[in-house]
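What follows is a single structure, written as structure tokens, with notes after it.
What you see below is based on every heavy atom in this structure, not just the backbone, and it leaves out hydrogens, waters and symmetry mates. In what follows, residues are counted from 1 in the order of the sequence shown.
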Amino acid sequence: MAPTKGEAATIFFSLLLFFLLPSTALSSVVEYLKLPLLHKDTFPPTPSQSLSSDIRRVNTLYSSLRHHSAKLPLTSGASTGSGQYFVDLRLGTPPQRLLLVADTGSDLVWVTCSACRDCTRRRRNSAFLARHSSTYLPYHCYDKQCRLVPNPRSGACNHTRQHSPCRYEYSYSDGSETKGFFSTETTTLNASSGSSVKFKRLAFGCSFEASGPSITGPSFNGAQGVMGLGRGSISLASQLGRRFGNKFSYCLMDYTLSPTPTSTSYLLIGQSNTVNGSKMSYTPMINNRFTSTFYYIGIESVYIEDVKLPIRPSVWAIDELGNGGTVMDSGTTLTFLAKPAYTRIVQAFKRLVKLPEADDPTIGFDLCVNVSGVSRPNFPKMSFKFSGNSVFSPPPGNYFIDTAEDVKCLALQPLTAPSGFSVIGNLMQQGFVFEFDKDRSRIGFSRHGCGKP
């Protein structure tokens, strides 16, 4: 998921050059914090819900040095019709359990909030009950932290009032928006190892109003907010980054498979020995002066069955206005590509795929085939050559997906918004460890360290 680029330009040029990182109290000495990413069961997202929602959304789009990392579970939202991966976050005192979408395409950490006093009628864990936490505190609108939040509503600030909270408005590319109080709270992260890590003064958005398909529609089912992991200073990755080496990684397992003890999706904050560096391929992070949120990478060429497609390099470039380029985004399900590249890729697949086209193709996809009676359909191999001479070769299951019984479709979409950017979504990233190293300004990826199907 992504905030608007125009908004990002305004927001991040005005950000302070430093962020007062929250103080941290750890419940025990840990070598890393590893959180499972939660996909709730083995059912794939319903195409008419999460996948089509992605189409609409993107197109209109610290405590000692011994604590090297934190590994957290991620859960798939497949059972609720969501193509997202969730992080289990415990917020407040006493802790309240919430599921947040793990999103490298945005910065703000926010949760759905309720100001109810008698909350007996609310469904359990449906929102963060601010009045029920002894450690919840909204920033004052004149607090310097308030300047870090997107679109602080300073016009409504009354410096003479003791209770004048910092109000924010945060928008996404499709017009989806969350509004509320920029606040601070104690958070507990439950690691895969069974240990827990507690952080004081996590800066987050307490959202009392949310609108739009990205954060209220079917693709958001089962979530109570978003864990922004972007490059900006208010993201979770940045708030915890200095304590964990400004590095995080994740493994997204195939959402159609049941997790096992040895193959579980996870989010890891900090350094890990999960993947040997010699087995990791790296590509540089590319800077876009108009935004500090997104993890841009460079695509140099695309290959189908080792044949380079005739796509002009300018198709992948960021122009003088900050448009274009390619972003790695865990919060978007499908992969969106600049239209000239998309067209070439679809043409190549149509020429090489030997299966009959589906009689009833899934709406929103340009290539769907009938796999009835074919136990192991064979699809052409696609590879992306990234900057830094690295090659990303996802298995066909990452880009030909089941959308109906006996129907598989090419899970790519054309980028139609003129001011947009290409996106490598979470389906394409499945089965790989992706490492985001901000100090070295690079992204690594490897098939090792993430259980294979």
Practice task
Establish, yes or no, whether a centroid distance under 6.0 Å links the rings of Phe392 and Phe445.
Solution key: yes

Problem - Under 3.5 Å donor-acceptor, Ser183 side chain and Phe181 backbone - result: yes

Practice task
State which residues pass ring-ring contact (aromatic ring centres under 6.0 Å, His included) with Phe349; sequence neighbours excluded, sorted by chain then number.
Solution key: Tyr399, Phe400

Handout entry: Asp103 versus Ser106, side-chain donor and acceptor atoms under 3.5 Å
Key = yes

Practice task
Report, as yes or no, whether the 6.0 Å neighbourhood of atom CD on Glu357 holds more than 12 heavy atoms from other residues, nucleotides or ligands.
Solution key: no

Completion exercise
One should read off an interatomic distance between Cys251 SG and Gln429 CD, to the nearest 0.5 angstrom, of 11.0 Å

Handout entry: Chi angles and distances behind the side chain to side chain contact (heavy atoms under 4.5 Å, CB included) call for Leu412, Phe365
Key = CA-CA 8 Å; Leu412 302 178; Phe365 296 91; over 6 Å; no

Practice task
Can you establish whether the number of heavy atoms outside Asn389 located under 6.0 Å from its atom CG is more than 12?
Solution key: no

Handout entry: 4.5 Å side-chain heavy-atom contact, Leu355 and Pro377
Key = yes

Exercise for the section: Check the side chains of Asp366 and Tyr342 for a donor-acceptor pair under 3.5 angstrom, ignoring hydrogens and angles. Expected result: yes

Exercise for the section: Taking the side chain as every heavy atom from C-beta outward, state whether Met328 and Phe434 have any atom pair closer than 4.5 Å. Expected result: yes

Handout entry: Shortest non-hydrogen contact from Gly325 toward Ile318
Key = CA-CG1, 3.6 Å

Exercise for the section: Could you tell me the separation between the CD1 atom of Ile304 and the CZ atom of Phe379, rounded to the nearest 0.5 Å? Expected result: 13.0 Å

Handout entry: Atom pair OG (Ser387) and CD1 (Ile297), whose distance is rounded to the nearest 0.5 Å
Key = 8.0 Å

Practice task
Output every pair passing disulfide bond (SG atoms under 2.5 Å apart) with a member in residues 308-362, not counting sequence neighbours, ordered by first then second residue.
Solution key: none

Practice task
Check whether any side-chain heavy atom of Asn287 lies under 4.5 Å from a side-chain heavy atom of Tyr296, and answer yes or no.
Solution key: no

Handout entry: Minimal non-hydrogen separation, Phe182 against Gly205, with atom names
Key = CD1-N, 4.3 Å

Problem - Minimum side-chain heavy-atom gap Thr112-Ser114 below 4.5 Å - result: no

Practice task
Measure the CG-CZ distance between Asp88 and Arg90 for me, rounded to the nearest 0.5 Å.
Solution key: 4.0 Å

Exercise for the section: Indicate yes or no for a side-chain donor-acceptor contact from Thr343 to the backbone of Pro340 under 3.5 Å, with no hydrogens or angles considered. Expected result: no

Exercise for the section: Please answer whether the main-chain N or O of Lys408 pairs with a side-chain N or O of Thr403 as donor and acceptor at a distance below 3.5 Å. Expected result: no

Exercise for the section: Could you point out which residue of Thr186, Thr184, Leu236 forms a side-chain contact (heavy atoms from CB on, under 4.5 Å) with Leu202? Expected result: Leu236

Problem - Student check: side-chain heavy atoms of Phe432 and Pro395 closer than 4.5 Å - result: yes

Exercise for the section: Give a yes or no on whether the backbone of Leu337 and the side-chain of Gln413 come within a donor-acceptor separation of less than 3.5 Å. Expected result: no

Problem - Distance-only side-chain donor-acceptor flag, Thr293 / Asp107, under 3.5 Å - result: yes

Problem - Closest contact, heavy atoms only, Val391 versus Ser393 - result: CG1-OG, 3.6 Å

Problem - Arg442, CZ: over 12 other non-hydrogen atoms inside 6.0 angstrom - result: yes

Practice task
May I ask you to decide if Ile299's main-chain N or O and Thr326's side chain share a donor-acceptor pair within less than 3.5 Å?
Solution key: no

Practice task
Kindly say whether the aromatic ring centers of Tyr250 and Tyr85 come within a distance under 6.0 Å.
Solution key: no

Exercise for the section: May I ask you to decide if Met253's main-chain N or O and Ser265's side chain share a donor-acceptor pair within less than 3.5 Å? Expected result: yes

Problem - Taking every non-hydrogen atom, the tightest pair across Gln239 and Ile234 - result: NE2-O, 3.0 Å

Problem - No-hydrogen, no-angle side-chain donor-acceptor test under 3.5 Å, Glu185 and Ser133 - result: yes

Fill in the blank from the handout: Between Lys438 and Ser238, the two heavy atoms sitting closest are NZ-OG, 2.6 Å

Problem - Within 6.0 angstrom of Asp439 CG, more than 12 heavy atoms from elsewhere - result: yes

Exercise for the section: Could you please spell out the steps behind the side chain to side chain contact (heavy atoms under 4.5 Å, CB included) verdict for Leu91 and Val111? Expected result: CA-CA 9 Å; Leu91 196 65; Val111 301; 4.0 Å; yes

Handout entry: Modelled atom types, side-chain donor and acceptor of Tyr168 and Thr178, under 3.5 Å
Key = yes

Handout entry: Gln96 side chain near Gln224 side chain, heavy-atom distance below 4.5 Å
Key = no

Practice task
Could you verify whether a donor N or O on one side chain and an acceptor N or O on the other, from Asn288 and Arg231, lie under 3.5 Å apart?
Solution key: no

Fill in the blank from the handout: dist Ile269:CD1 -> Phe244:CZ (nearest 0.5 Å) comes out at 7.5 Å

Exercise for the section: Using the side chain to side chain donor-acceptor pair (under 3.5 Å) rule, collect all pairs that involve residues 305-316, keeping only residues at least two apart or in two chains. Expected result: Asp306-Lys381, Arg312-Ser314

Problem - Spatial distance of atom CD1 (Ile215) from atom OH (Tyr172) [nearest 0.5 Å] - result: 6.0 Å

Practice task
State, yes or no, whether a side-chain contact exists between Leu99 and Val87 at a heavy-atom distance under 4.5 Å.
Solution key: no

Handout entry: Nearest atoms (heavy-atom pairs only) where Lys179 meets Glu177
Key = CE-OE1, 3.1 Å

Exercise for the section: Answer yes or no: is there a side-chain heavy-atom contact under 4.5 Å between Ser171 and Ser176? Expected result: no

Exercise for the section: Taking Thr104 for its side chain and Ser330 for its backbone only, find out whether a donor-acceptor pair lies under 3.5 Å. Expected result: yes

Exercise for the section: Go through the steps for Ser233 and Leu148 under the test side chain to side chain contact (heavy atoms under 4.5 Å, CB included), then give the verdict. Expected result: CA-CA 8 Å; Ser233 59; Leu148 298 172; 4.1 Å; yes

Exercise for the section: Look at the rings of Phe436 and Tyr295 and say which category their plane angle falls in: under 30° parallel, 30 to 60° tilted, over 60° perpendicular. Expected result: perpendicular

Problem - Backbone of Ser372 reached by a side-chain donor or acceptor of Asn370 within 3.5 Å - result: yes

Practice task
Answer yes if the side chains of Ser390 and Lys385 hold a donor-acceptor pair under 3.5 Å, and no otherwise.
Solution key: no

Exercise for the section: Start with the C-alpha distance between Phe386 and Tyr282, add both sets of side-chain angles, then the distance that settles side chain to side chain contact (heavy atoms under 4.5 Å, CB included), and finish with yes or no. Expected result: CA-CA 9 Å; Phe386 293 158; Tyr282 294 97; over 6 Å; no

Exercise for the section: Would you confirm whether Thr332, through its side chain, and Leu334, through its main-chain N or O, come within 3.5 Å as a donor-acceptor pair? Expected result: no

